[in-house]
Amino acid sequence: MIILGLTGGVASGKSFAGGLLAERGAVVLDADRHAHAVLGERAVLEALVERWGDSILAEDGALRRSEVAKQVFGDSPEAIAERRFLEGLVHPRVRERLKAELANAAQRGVAVAVLDIPLLFEAGWADECDAVLFVETPLEIRRQRAAVRGWSAEELARREASQMPIEEKRAAADEIIPGDSETAAREAVERVWRTWATGEATG
């Protein structure tokens, strides 16, 4: 089974690129979906409340992700420390879920699996991929997309400050997929598919 890693900056269009790969038969594994599920686990919620207090919970007991974001995003020493705490709690659980999903895909005879993981490099997944795909989108377009999510330019910058610099991610990737043009993205995905999914490259 070929494993492709999919990453990029915040609001770069990773989900769209993943959808194009799925159209060609790939199975896309979404790390964010697993992370959201993990954040709803009782043991995790209890650990977060013990760390940050009841203010991170909504009236129905659900996690207020915006409050968690205030704790962990940014490049201050405090934000870095809180982010390390959250990652230590969440990443091992997400990894376990993704490993199980990969094993299941392999058992089912899936030919190509795509790991859609924003923190692909940071969480140590890149070494397990045959190739890493980086979705590249100009900052101004990503700011526009982030605004649709309700994030200011400052919030986008704060979130990206918590990740590996985009330039380093791009340089470490095997393939670049444009995230600002559907036509260019389709052409790039087709090229990637011919190169990696057909066995022409070994990674």
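Counting begins at 1 with the first residue of the sequence. Source: prediction; values computed, not measured.
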Can you list the residues that meet the side chain to side chain donor-acceptor pair (under 3.5 Å) rule with E96, with sequence neighbours excluded?
->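 Scan of E96 (side chain to side chain donor-acceptor pair (under 3.5 Å), adjacent residues dropped) gives none.
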
Return the set of residues passing side chain to side chain donor-acceptor pair (under 3.5 Å) with H34 (not counting sequence neighbours), or none when no residue passes.
->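 Applying side chain to side chain donor-acceptor pair (under 3.5 Å) to H34 gives E101.
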
With clusters defined by side-chain heavy atoms of hydrophobic residues (ILVMFWY) lying less than 4.5 Å apart, directly or transitively, does [Y] cluster with [X]?
X	Y	value
M1	W193	no
L119	L98	no
L39	V49	yes
L86	W125	yes
L29	L133	no

Measuring from atom [atom1] of [X] to atom [atom2] of [Y], what distance do you get when rounded to the nearest 0.5 angstrom?
X	Y	atom1	atom2	result
F85	E82	CZ	CD	7.5 Å
L6	C129	CG	SG	9.5 Å
E128	I3	CD	CD1	7.0 Å
D130	D174	CG	CG	9.5 Å
S12	D180	OG	CG	10.5 Å
E78	Q71	CD	CD	11.0 Å

CD/E50: more than 12 non-hydrogen atoms of other groups inside 6.0 Å =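 Open.
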
Walk me through it: do R159 and E155 pass the test side chain to side chain contact (heavy atoms under 4.5 Å, CB included)?
-> CA-CA 6 Å; R159 288 173 179 260; E155 177 66 10; 2.9 Å; yes

Using a strict 4.0 Å threshold on nitrogen-to-oxygen distance, state whether E182 and R186 make a salt bridge.
->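 Counted as a salt bridge, because a side-chain N and a carboxylate O are separated by less than 4.0 Å.
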
Report yes or no: does [X] contribute a side-chain atom to a donor-acceptor pair with the main-chain N or O of [Y] at less than 3.5 Å?
X	Y	answer
K14	G9	yes
T137	R142	no
R170	V135	no
R93	L89	yes

Please name the pair of heavy atoms, one in [X] and one in [Y], separated by the smallest distance, quoted to 0.1 Å.
X	Y	answer
T7	P118	OG1-O, 3.0 Å
A161	R83	O-NH2, 4.5 Å
A35	V94	CA-CG2, 3.7 Å
G40	L45	O-CD1, 3.8 Å
A185	F16	CB-CE2, 4.0 Å
A146	A11	N-CB, 4.2 Å

Let me know which of E122, E168, K169 forms a side chain to side chain donor-acceptor pair (under 3.5 Å) with Q163.
->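 So the option named by the test is K169.
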
Run the numbers on E160 and F73 for side chain to side chain contact (heavy atoms under 4.5 Å, CB included), then give the verdict.
-> CA-CA 8 Å; E160 291 210 321; F73 289 127; over 6 Å; no

Other ILVMFWY residues reachable from W151 by side-chain steps of under 4.5 Å =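 Besides W151, the cluster holds V10, L139, L156.
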
Taking ILVMFWY side chains as joined if any heavy atoms are under 4.5 angstrom apart, and letting links pass through other members, which residues group with I176?
->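 For the cluster that includes I176, the remaining residues are F134, I166.
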
Tell me, do E41 and V38 make a side-chain contact under 4.5 Å, heavy atoms counted?
->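 Of all side-chain heavy-atom pairs linking V38 with E41, at least one is under 4.5 Å.
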
Side-chain donor/acceptor pairs under 3.5 Å, residues 102-117, sequence neighbours excluded:
residue, atom, partner, partner atom, Å
N104, OD1, R108, NE, 2.7

Listed pairs under 3.5 Å, donor-acceptor, residues 56-68 side chains, sequence neighbours left out:
residue, atom, partner, partner atom, Å
D60, OD1, A62, N, 2.9
R64, NH1, S55, O, 3.0
E67, OE2, K70, NZ, 3.1

Check the pair E175 / R194 against salt bridge (charged side-chain N to carboxylate O under 4.0 Å, His left out), numbers first and verdict last.
-> CA-CA 12 Å; E175 302 281 357; R194 288 198 309 268; over 6 Å; no

